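First the structure, in the form of structure tokens, and then the observations on it.
Just so you know, these numbers come straight off a predicted model, no measurement behind them.
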Amino acid sequence: MLLIETLFIVQIFIFVFFPSVIEQDKLVEGINNCDSEIKFEKVVIENDSEWDAALQEVYDIIRIRGDCLFEPSDFEKISSSYSKSRKTLTLKPKFKQDISVLTKKKAKTDGYLKELENVVDSWSNKLSDIQKLEKINDYILGKSDYYYEVLNSAQGDNMTTKNGFYYYSWQAIMDSGKGVCDAYSSLFNRMCALCGIESETVSNEDHAWNRAKVNGEWKYFDVTWNDTTNKKRKYFNLSYQAMAADGQH
């Protein structure tokens, strides 16, 4: 997160190359299993720009899916090959860390997911969606401090918690009580999914925040800035216009 004025550029995720839930589930399952290859059939790629777009969709799915155990920052790269005659795209994820570290992280992640489930289950089942979102916002604020050292370090996204979680991941907040905007927005999505609330990450080149469906309408939330501005609901349940008018997103 950079505390500067930026254009309000919203990244909304519309998937062209992996449009079905079945395809996205297959990708997430392969990533969670740390598979060396994940194959997709009936994928039509005509040129290099479409190839780039398909790979971007892969990273976006990993980032926004609440059941994916890893984040884009966990990968050194995801390479690919394509058979035009068979219309088959093969993804080859290469993690930054070895399998032994990833296995430990998976076990930790399962524990953190269970912890979040217990938190949500402890809330009254009579809460409205906006009341649930208030609790999600306040839980994250109480759980995390913004980790400015990531921005100030030459190590950048190589900085991890003691258990190997990058500070851009939601697990870092659960593991160490620290994270940056990507971690805040990802944890928000995880908890929304547990509450049955549709949400997704919104981003520009400097920052990430969220939008969530409230009574069938998209509303905007920035838990990171609610934490760093010391006004816990300043960026909460805003319309698109209100968030854009803020001049800081």
Which heavy-atom pair separates [X] from [Y] by the least distance, and what is that distance?
X	Y	value
Leu116	Arg190	CD1-CB, 4.4 Å
Leu89	Trp51	CD1-NE1, 4.4 Å
Leu102	Gln97	CD1-O, 3.7 Å
Phe15	Asp60	CE2-CB, 3.9 Å
Cys195	Ile136	SG-CD1, 4.1 Å
Ala212	Ile197	CB-CG2, 4.2 Å

Under a 3.5 Å cutoff, is there a donor and acceptor pairing between the side chains of [X] and [Y]?
X	Y	answer
Asn137	Asn226	yes
Lys126	Gln131	no
Asn189	Ser199	yes
Lys39	Thr88	no

State, yes or no, whether a side-chain contact exists between [X] and [Y] at a heavy-atom distance under 4.5 Å.
X	Y	value
Leu27	Leu91	yes
Phe236	Leu133	yes
Ile62	Val28	no
Tyr220	Asn210	no
Ser169	Asp182	no
Tyr146	Tyr184	yes
Val150	Tyr168	yes
Phe188	Thr224	no

Donor-acceptor contact below 3.5 Å, side chain [X] vs main chain [Y]:
X	Y	answer
Asn118	Glu115	no
Asn204	Asp206	yes
Glu57	Val16	yes
Asn32	Cys68	no

Please report the interatomic distance [atom1]([X]) to [atom2]([Y]), rounded to the nearest 0.5 Å.
X	Y	atom1	atom2	result
Glu29	Asp67	CD	CG	10.5 Å
Lys132	Ser124	NZ	OG	9.0 Å
Leu55	Glu50	CG	CD	12.5 Å
Gln24	Phe40	CD	CZ	9.5 Å
Met243	Trp209	CE	CH2	7.0 Å
Lys92	Lys77	NZ	NZ	10.0 Å

Check this for me, if you would: do [X] and [Y] make a salt bridge, where the nitrogen-to-carboxylate-oxygen distance has to be below 4.0 angstrom?
X	Y	answer
Glu217	Lys219	yes
Asp138	Arg233	yes
Arg211	Glu200	yes
Glu23	Lys42	no

Quick one: list whatever passes side chain to side chain contact (heavy atoms under 4.5 Å, CB included) with [X], sequence neighbours left out.
X	result
Thr109	Leu69, Leu113, Phe165, Trp170, Gln171
Asp52	none
Asp98	Ser100, Val101

Does the pair Arg65 and Asp25 meet the rule for a salt bridge (Lys or Arg N to Asp or Glu O under 4.0 Å), with working shown? CA-CA 9 Å; Arg65 276 286 294 255; Asp25 285 348; 2.7 Å; yes
Could you go through the side-chain hydrogen bond (donor to acceptor under 3.5 Å, both in side chains) check for Ser144 and Asp227 one step at a time? CA-CA 8 Å; Ser144 185; Asp227 196 15; 5.0 Å; no
I'd like to know if [Y] and [X] are part of one continuous hydrophobic network [Ile/Leu/Val/Met/Phe/Trp/Tyr, side-chain heavy atoms within less than 4.5 Å].
X	Y	result
Ile45	Tyr59	yes
Ile99	Phe70	yes
Tyr148	Leu187	yes

Would you call the rings of His207 and His249 parallel, tilted or perpendicular if under 30° counts as parallel and over 60° as perpendicular?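 The arrangement is tilted - the two ring planes meet at 30° to 60°.
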Assess Lys96 against Tyr166: is NZ or CZ under 6.0 Å from the centre of the six-membered ring, and within 45 degrees of the ring's axis?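 Here Lys96 passes the 6.0 Å and 45° test against Tyr166.
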Answer yes if the ring centres of Phe221 and Tyr235 are under 6.0 angstrom apart, and no otherwise.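 Aromatic pair excluded; centres sit 6.0 Å or further apart.
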Please test Lys104 against Asn163 for side-chain contact (heavy atoms from CB on, under 4.5 Å), starting from the C-alpha separation and ending with a verdict. CA-CA 8 Å; Lys104 292 179 181 177; Asn163 287 311; over 6 Å; no
Using the rule given for side-chain contact (heavy atoms from CB on, under 4.5 Å), can you reason through Ser203 versus Arg63, listing the C-alpha separation, both sets of side-chain angles and the distance that settles it, and then say yes or no? CA-CA 12 Å; Ser203 65; Arg63 182 148 66 97; 3.9 Å; yes
Would you find more than 12 non-hydrogen atoms of other residues, nucleotides or ligands less than 6.0 Å from [X] atom [atom1]?
X	atom1	result
Asn215	CG	no
Glu41	CD	no
Lys213	NZ	yes
Lys108	NZ	no
Asp121	CG	yes

Could you walk me through whether Glu134 and Leu127 pass side-chain contact (heavy atoms from CB on, under 4.5 Å), step by step? CA-CA 10 Å; Glu134 288 174 351; Leu127 295 179; over 6 Å; no
Pair Tyr167, Ser176 - check side-chain contact (heavy atoms from CB on, under 4.5 Å), show working. CA-CA 9 Å; Tyr167 284 106; Ser176 69; 3.5 Å; yes
Let's go through Lys234 and Asp222 carefully: what are the C-alpha distance in whole Å and the side-chain angles of both, what is the deciding distance for salt bridge (Lys or Arg N to Asp or Glu O under 4.0 Å) to 0.1 Å, and is it a yes or a no? CA-CA 8 Å; Lys234 181 176 181 179; Asp222 190 337; over 6 Å; no
